[in-house]
Engineer: 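First the structure, which I've put down as structure tokens, then a few questions once you've had a look.
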Amino acid sequence: MPPKSVVGSSMCRSCLSTLLKRAPAARLALRYSSSQATQALASAPSSRLSREQEAERQKTLESLGLSKDSKGAGVQVNYFEQEKGGKLRRLKNQDEFGQSLMDHDEQTEGRLKELEEELGLASQFTQIVEKIWGKEGAEKLRKRVASQDESSPKPSLLLPEEKWPSSQDRTHIVQLNNMIRTVGRKTRGGVLGLKRINSLWKYYSAARIALSKKWELVHADIWDLLWQILAGEHADNPNRMPHIHILAKDMQKAGVPLRDDQQLLAIEATFVSGFRDDAITTHKKLVTTLGASPDASVEFWQLGLRMYCLSGDMARAERVVTTLLESPYEKDPRFILPFIRMCAGQPETVGKGYESYQQLRSTLGDSITIDDYDQIISYFLASNETEFAFYIFVEMMTSNTVDLRGSRGIPASVSSPFFYGKWLKRLIGAGDLQGAYNVLLHMKSRGIVPQAIVVNCLLGAWLRSGTADNMQKADEVAWAMINSRMQFISIRKDMQNLASYVRLRQYGEGWPRANLETFSLLAESCKDRGLHHKMEELWAAFREAEIAPDSFMLNQLLFSYLQDGQGKHVAALTRDLTNKYQVEPDSWTFLALWQALPVNRLIQTPSGQLLEEVSRTRSLFAEMVRSTHIFATSGVDVQLARYILHSFRKLDDKLGLLLAYRALRQIFKFTPPDFLILELHVGSMDLEKTGKGKGSHRLIHAGRQIESYMRRRQDELIESGQLRADDELPDEVKREELGNFLELFLQNQVALLDNENEDTIRLLKQAATELGWHSEAPSFEETPDP
């Protein structure tokens, strides 16, 4: 209700009616000041009033103090406003009266607050869109919204949370909304990680039942967001096709029209998800729409070709190929590759597949790549059509200057083992092991013996794969090569008893003769698989093959004996083989020898054999000292040093342990790692087990001793000026100081021996001689605790 003013004098009906007629004009004013409102009332047009009415109006304005002439005459005016309940409220002054005229019932202020809230939501929506779709996607969305009618719903990426039938439905919707907000914050460069995509799909799947009850509440922008994320083609979206299949079905149920690219992806997702008939039926229905669209026609028919080829529908695939060839739209000629693969997989159509390849090669011309050749060759090799694959490989290697199809003979340049060897190496490098095996069989069928080095590459690839089928093939081919070697040895022996003009020929399946690498590959495989009986058979064949072994072959045999629990034969076998074949041991040989010692094989060494085992251990170390040149390049391995030091520790040979450790540091330039220092300090090779049992106190005590020693050494280096006060110990210095700590610890263990000094010195010299270390005997006096 408009405000009323009350004055002391009375008003006539004419004046009152005039004021009431002017009130609506005052209420429609937009934020005029009170003086402006007054001027508007005073200067209102009076052309429609009679002279008497105009005179009466001027008298009323003068009595109210609103006329131009009476402005500032000192008349006091009180202003009142009637509220909704009918109660009159007195206004403070003329300014509040003007504000009341401009903002009736504070509707403008409330509307401003609503606009501010809408602006905040719009800003949040824009930020989410830009994070997910980028600035270009956000700009497209703005243009689409600008083109919409004002009466259309406003875009929103969030679902309404209060319009669902049950509380469970509302819970799922709230969770989905929260996930959408999280997606907007966590997006990096427009691509979400695997965890976020799976979480989004989880909450969407949980909300699907609720959404199906009111599809109309899901805005088109929400569908766009879900599609944009779930259709992303990258490594973090492995479930892309099943998700799109379900999402597209939901969008169709909701009546949301799919774009051309969305329809194509939905058909492909349906086909990949296992619903092949449904996908093909949908594809047929869209022939007149997408099939005739200038923008989507090529992709539509290429998708159909892939589906028909995978389904084995030759007739329809041929018709689609013809349609694409006759299409006026731009396309990549490589679309025919699925058709070539399908034709190559069937013996009755393999010729048609080769003709399609020739057509593709002619169309591409010089733009055809080696990858194109490799892919087409793999199609024919996979179906065991090696002859056609060989034709294509020859054309690739000779730049299409040699055409073998239909020719009576094959040039010698492309029928040699060297030419086939290039092909085999290429296939093995690409991981096509079955194709390489097919090429080997093709060579044998042509009477071409492959090179042993190439076949060994295939053997190694088979054995590394670890599959049962490949393992079996490797054993069969390797033993066939070994038999070929045996035949060669037998013929060579027979030739010695025949006349010089008599020549014997080798017969068999055409495999190359096995060499040392062949035996080594099989030996490593038998050792890794724990097949000691096969290792013995292989070793017997190896001796008959009259091939000198090397350290690798020797090591495989030694470790096979160790794994079979026959470590007691390792030392004698090593001695016999090294003497017979003049094989020089390496670090792995010494590791096998140290692991074969009874102190490392048996749970407990009999007390009566301790002296014998001490002597055996020292002799082995002396032999290792004599072979120092073996370790000049790579040094002593940590595991080898670990077994050496723990062997002396287990035998309680404190003198041997101290001297062996000093020899490792001074002769072999070995620096012990942290865990080895702890193991020797607490006397255990399993720190994890020690830390869980009663030995945990020893482990804690050892750690504290090491920390205390390192702090003391750091302080000493700072005092001597070798290290600044605010610097940490360099890594090299730290490793050296840790080594010194262990040496001091072992030296203190020697000093605690209950012997006279002269006896201890004599024992030290004796131990040094037995260990092969003839340098000056080390001191043993007890030093302060490290």
Side-chain angles (χ1 to χ4, degrees), residues 121 124-134 137-138 141 153 155-259 261-276 278-279 282:
L121 292 175
Q124 181 183 6
F125 168 75
T126 303
Q127 292 176 359
I128 295 176
V129 170
E130 288 184 353
K131 287 180 179 179
I132 298 176
W133 291 336
L141 182 60
S156 176
L157 290 177
L158 301 178
L159 292 160
E161 299 178 355
E162 304 296 335
K163 299 182 179 181
W164 306 96
S166 65
S167 59
Q168 185 177 7
D169 293 343
R170 289 191 292 272
T171 300
H172 291 321
I173 297 301
V174 170
Q175 291 175 344
L176 180 58
N177 279 343
N178 292 336
M179 192 62 220
I180 291 175
R181 295 187 184 96
T182 303
V183 164
R185 292 193 301 267
K186 299 296 181 180
T187 302
R188 295 290 187 271
V191 177
L192 287 178
L194 176 62
K195 182 179 178 180
R196 297 296 175 186
I197 294 177
N198 290 340
S199 298
L200 177 63
W201 179 254
K202 180 182 73 173
Y203 290 117
Y204 173 73
S205 300
R208 285 183 66 215
I209 298 178
L211 295 175
S212 64
K213 300 175 183 178
K214 292 187 177 183
W215 289 119
E216 66 277 4
L217 295 181
V218 185
H219 197 274
D221 294 314
I222 298 179
W223 293 118
D224 288 343
L225 171 66
L226 294 173
W227 189 281
Q228 183 79 11
I229 295 174
L230 299 176
E233 189 173 4
H234 49 83
D236 289 334
N237 193 13
N239 300 316
R240 173 176 177 251
M241 289 301 180
H243 291 171
I244 288 299
H245 170 64
I246 297 175
L247 182 63
K249 290 175 61 178
D250 291 347
M251 294 174 68
Q252 291 173 353
K253 293 177 182 178
V256 179
L258 298 179
R259 301 188 303 271
D261 59 323
Q262 291 178 330
Q263 287 182 330
L264 293 175
L265 183 56
I267 294 173
E268 184 179 4
T270 303
F271 187 88
V272 173
S273 299
F275 305 94
R276 294 192 170 189
D278 295 342
T282 305

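What you see is a predicted model, and the numbers here were worked out from it, not measured in a lab.
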Engineer: Does the side chain of Asn178 reach to within under 4.5 Å of the side chain of Val174, using non-hydrogen atoms?
Structural biologist: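 Of all side-chain heavy-atom pairs linking Val174 with Asn178, at least one is under 4.5 Å.
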Engineer: Treating Asn177 as the side-chain partner and Leu158 as the backbone partner, does any N or O pair qualify as donor plus acceptor under 3.5 Å?
Structural biologist: no
Engineer: Which pair of heavy atoms, one from Ile244 and one from Ala269, lies closest together, and at what distance?
Structural biologist: CG2-CB, 3.9 Å
Engineer: Return the orientation label for the His243 and Trp201 ring planes: parallel under 30°, perpendicular over 60°, tilted otherwise.
Structural biologist: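 His243 vs Trp201 ring planes: parallel.
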Engineer: Mind checking what makes side-chain contact (heavy atoms from CB on, under 4.5 Å) contact with Pro165, not counting sequence neighbours?
Structural biologist: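 Pro165: side-chain contact (heavy atoms from CB on, under 4.5 Å) contacts with Asp169, Lys213.
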Engineer: Within the 4.5 Å heavy-atom criterion, are Ile180 and Tyr203 side-chain neighbours or not?
Structural biologist: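 Side chain of Ile180 against side chain of Tyr203, heavy atoms only: no contact under 4.5 Å found.
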Engineer: Kindly give the heavy-atom pair with the smallest separation between Met241 and Ser273, and that separation in Å.
Structural biologist: O-OG, 3.8 Å
Engineer: Would you say Asn239 and Asn198 make side-chain contact, with heavy atoms under 4.5 Å?
Structural biologist: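 Sidechains of Asn198 and Asn239: in contact.
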Engineer: Taking the side chain as C-beta and beyond, is there a heavy-atom pair between Ile229 and Leu225 under 4.5 Å?
Structural biologist: yes
Engineer: May I ask you to test the Asp224-Arg259 pair for a side-chain heavy-atom distance under 4.5 Å?
Structural biologist: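 Result yes, sub-4.5 Å side-chain heavy-atom pair found.
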Engineer: Does Glu216 CD have over 12 foreign heavy atoms under 6.0 Å away?
Structural biologist: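 Atom CD in Glu216 is crowded, with more than 12 foreign heavy atoms closer than 6.0 Å.
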Engineer: Report the residues that fulfil salt bridge (Lys or Arg N to Asp or Glu O under 4.0 Å) with Arg276, sequence neighbours left out, ordered by chain and then residue number.
Structural biologist: none
Engineer: For the backbone of Glu233 and the side chain of Asn237, can you confirm whether one donor and one acceptor N or O come within less than 3.5 Å of each other?
Structural biologist: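 Checking the backbone N and O of Glu233 against the side chain of Asn237, no donor-acceptor pair under 3.5 Å is found.
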Engineer: Sequence neighbours left out, what passes side-chain contact (heavy atoms from CB on, under 4.5 Å) with Ala279? Give chain and number order.
Structural biologist: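 With neighbours one apart ignored, the set is Ile267, Thr270, Phe271, Met307.
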Engineer: Indicate yes or no: at least one non-hydrogen side-chain atom of Leu211 is less than 4.5 angstrom from one of Asp250.
Structural biologist: no
Engineer: Are the side chains of Met179 and Ser199 in contact, using a 4.5 Å heavy-atom criterion?
Structural biologist: yes
Engineer: Is the shortest heavy-atom distance from the side chain of Trp164 to the side chain of His172 under 4.5 Å?
Structural biologist: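 Side chain of Trp164 against side chain of His172, heavy atoms only: no contact under 4.5 Å found.
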Engineer: Indicate the atoms forming the closest heavy-atom contact of Leu230 with Arg240, along with that distance.
Structural biologist: O-CG, 3.7 Å
Engineer: Any chance CD of Gln168 has more than 12 other-residue heavy atoms, nucleotides or ligands included, within less than 6.0 Å?
Structural biologist: no
Engineer: Have His234 and Asp236 got a donor and an acceptor in their side chains that come within less than 3.5 Å?
Structural biologist: no
Engineer: Do other residues, nucleotides or ligands put more than 12 heavy atoms under 6.0 Å from the CD1 atom of Ile209?
Structural biologist: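 It does not: Ile209 CD1 has 12 such atoms or fewer within range.
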Engineer: Looking at every heavy atom in both Ile173 and Ala207, which two are closest together, and how far apart are they?
Structural biologist: CD1-CB, 4.2 Å
